[in-house]
Structures are given as structure tokens and as C-alpha cells.
Amino acid sequence: MKRSERRDETGHPPLRSERPTRQTIIGLLKTRGAQSAGELAASLGLTEMAVRRHLYALEHDGYIEQSSVVRGAGRPKHMYALTPESEELFPKNYHGLTLEMLDELSSDEETAPLIDKLFKSRKGKLLERYAPRMEGKELENRVYELAAIQNAGGYMVEVECLETDQSYRLHEYNCPIAQVAKPYQQACACELQLFADLLQTKVERTECLAKGGGKCTYVIGSAAGN
């Protein structure tokens, strides 16, 4: 279950009216650091009991954590802070930064060749990381292992087995690096080669998201044309 689909402490998805409040709490913890339920209640104009209900749900989802802090001679105060997992809730622009850096390299004829080198280096590191997971496996198991690897990376993979010619089709319905791959097709070329190296068989791409397709489709095995 995706975090955006998590249910609250009652076992039900959060009501639409509750989401803005939880988003505001997350924003306050991001900008002000650790806060107590009382401090958050004062900022939100809510009762501590109402705020604690939202805090419980956010803590259950893994987005916040509490700790006890001693201030002066009083009793320890429960403070709430964001967890590393909460970072997924905030906007990211990694692809924008990556494109800016690649564009900078491509704009200079002396550094342009480095782009190919970067993608090939990335492919080599991925091969080194995942090759051990393929050892001792038959082709079918290697295909499904590759699907698991890609699914973990957010590619939304489906495997189709073609019994007539003992080949496979691997469909990727999402490409997390599509905005980079569209102007820099080296990413797609290196992925194709990575798949062939990991699967140790012929692999052909017949459809590509970065080229306007509805998905990325790879034909694996005897039906592949390359």
C-alpha cells in the first residue's frame, strides 16, 4: 500500500477535511523543527486532543516521531519531529538539476563526450550491483528477478510469458527518469544493454515511453530481433 493510501488509526483512509490539517502539521514541523502538541495546537487554533489525533495518525504512517525533552525543572515534554521518511511528502526537482548539469556538459564540445561516459558508468554500477541476484537462475527466474528490481525502482513492471516460443515480454508502465531520458537517449540505450547483460540473452525494445510510447516494452529471448 502506498503511503498516500494509508489508513488512519480507525482503519479508514483520512477524511478529505483532515488532510489539510495534517499537511499543515507537517509544514510546521518542517519549518519550525520539533514541536509539542500544545505548540502545534496554539498555531492551528485547535485543541490538544484534536492535534494529538492527527499526530497519532502521522506517527502511525511513519512520518513523525516523538521524543521526551526535559526543559528546566518541569516534567519531560513530548516533542514531535519529522522522520527521514517524511521527505517523500515534499516536492523534489532532482530531474531538473540533472537536466541542467547534462545540458551544461552538452553545451561544450569538450565536455559533451562525458555524457556517454556518465551513462555507461551508471550502467556498469547497476550491473555490478544486480548481477549477483541473477547467479544460478534460469532465464525465467532471471526475468522475474529483473521485474522485482525494476518494480522496486518505481517502474511498474508486468511480465508476459509467451509459451509458443519460450520468450517473454517485460512491460514498464512508468519511467522515473523519463524527463531525463527524453532528451538524452543514452539512458534508454544503457538500460537496454543492462537488461541484456543481466538476463544473458537477446533483448529488444519495441516501445519506449521516452519516445512517446504508452509504455516501455522489452522482448526477451528467442523472439527478440537483436
Side-chain angles (χ1 to χ4, degrees), residues 1-5 87-134 137 139-162 165-226:
M1 181 178 292
K2 296 180 179 179
R3 290 190 181 275
S4 59
E5 298 172 345
E87 283 299 312
E88 68 182 53
L89 301 175
F90 299 96
K92 300 291 186 292
N93 191 28
Y94 297 138
H95 67 271
L97 176 61
T98 301
L99 284 172
E100 288 178 7
M101 296 174 69
L102 290 173
D103 289 344
E104 186 68 24
L105 289 173
S106 65
S107 65
D108 188 325
E109 61 180 16
E110 291 186 1
T111 57
L114 291 175
I115 295 177
D116 287 341
K117 186 176 181 179
L118 285 171
F119 281 107
K120 288 179 181 178
S121 176
R122 176 177 180 270
K123 175 257 180 185
K125 290 178 180 178
L126 292 175
L127 178 61
E128 183 178 353
R129 180 187 306 171
Y130 296 126
R133 294 174 58 170
M134 303 295 174
K137 291 182 170 66
L139 177 58
E140 180 179 9
N141 291 331
R142 292 199 298 271
V143 170
Y144 282 100
E145 187 67 32
L146 176 61
I149 290 169
Q150 293 299 94
N151 269 328
Y155 285 83
M156 298 177 63
V157 176
E158 178 183 67
V159 175
E160 180 183 358
C161 180
L162 306 178
D165 54 13
Q166 295 184 330
S167 62
Y168 304 86
R169 282 191 174 89
L170 187 148
H171 306 289
E172 294 180 339
Y173 293 94
N174 182 56
C175 179
I177 62 169
Q179 295 190 57
V180 174
K182 286 178 181 179
Y184 294 97
Q185 293 289 308
Q186 296 96 324
C188 297
C190 286
E191 181 176 70
L192 179 62
Q193 187 59 54
L194 174 65
F195 286 3
D197 290 345
L198 287 173
L199 298 174
Q200 301 172 39
T201 189
K202 294 180 179 180
V203 180
E204 177 188 9
R205 184 189 293 111
T206 58
E207 187 175 1
C208 182
L209 280 164
K211 294 181 179 179
K215 60 184 178 299
C216 290
T217 294
Y218 296 87
V219 179
I220 300 165
S222 59
N226 65 340

As an exercise, state the distance from [atom1] of [X] to [atom2] of [Y], rounded to the nearest 0.5 Å.
| X | Y | atom1 | atom2 | answer |
| --- | --- | --- | --- | --- |
| Tyr130 | Leu198 | OH | CG | 9.5 Å |
| Leu105 | Glu100 | CG | CD | 12.0 Å |
| Asp103 | Thr98 | CG | OG1 | 10.5 Å |
| Lys137 | Met134 | NZ | CE | 7.5 Å |
| Leu192 | Lys123 | CG | NZ | 10.5 Å |
| Leu126 | Asp197 | CG | CG | 11.5 Å |

* Asked: Going through the distances and angles, do Leu162 and Arg169 end up as a side chain to side chain contact (heavy atoms under 4.5 Å, CB included)?
  -> CA-CA 8 Å; Leu162 306 178; Arg169 282 191 174 89; 2.7 Å; yes

Is the backbone N or O of [Y] less than 3.5 Å from a side-chain atom of [X], with the two atoms forming a donor-acceptor pair by type?
| X | Y | answer |
| --- | --- | --- |
| Ser167 | Gly221 | no |
| Asn174 | Gly154 | yes |
| Asn151 | Val157 | yes |
| Gln185 | Ala181 | yes |
| Glu204 | Ile220 | no |
| Ser121 | Lys117 | no |

* Beyond-backbone contact of Leu99 with Val180, side-chain heavy atoms, under 4.5 angstrom -> yes

* To do: With the side chain counted from C-beta on, respond yes when Val203 and Leu170 share a heavy-atom pair under 4.5 Å apart, and no when they do not.
  => no

Minimum-distance pair of heavy atoms, taken over all atoms of [X] and [Y]:
| X | Y | answer |
| --- | --- | --- |
| Leu209 | Glu172 | CD1-O, 3.8 Å |
| Cys190 | Lys120 | SG-N, 3.8 Å |
| Thr111 | Glu104 | OG1-O, 4.2 Å |
| Leu199 | Leu139 | O-CD1, 3.8 Å |

* Only pairs at least two apart or in different chains count here, so list each salt bridge (charged side-chain N to carboxylate O under 4.0 Å, His left out) that has a residue in residues 139-151. => Arg133-Glu145

* Mind running side chain to side chain contact (heavy atoms under 4.5 Å, CB included) on Ile177 and Cys175 for me, showing each step along the way? => CA-CA 5 Å; Ile177 62 169; Cys175 179; 3.7 Å; yes

* Asked: What ring pair (Phe, Tyr, Trp, His ring centres under 6.0 Å) pairs are there with at least one residue in residues 169-203, not counting sequence neighbours?
  -> Phe195-Tyr218

* Given side chain to side chain contact (heavy atoms under 4.5 Å, CB included), test Glu191 with Gln150 step by step and report yes or no. => CA-CA 11 Å; Glu191 181 176 70; Gln150 293 299 94; 3.3 Å; yes

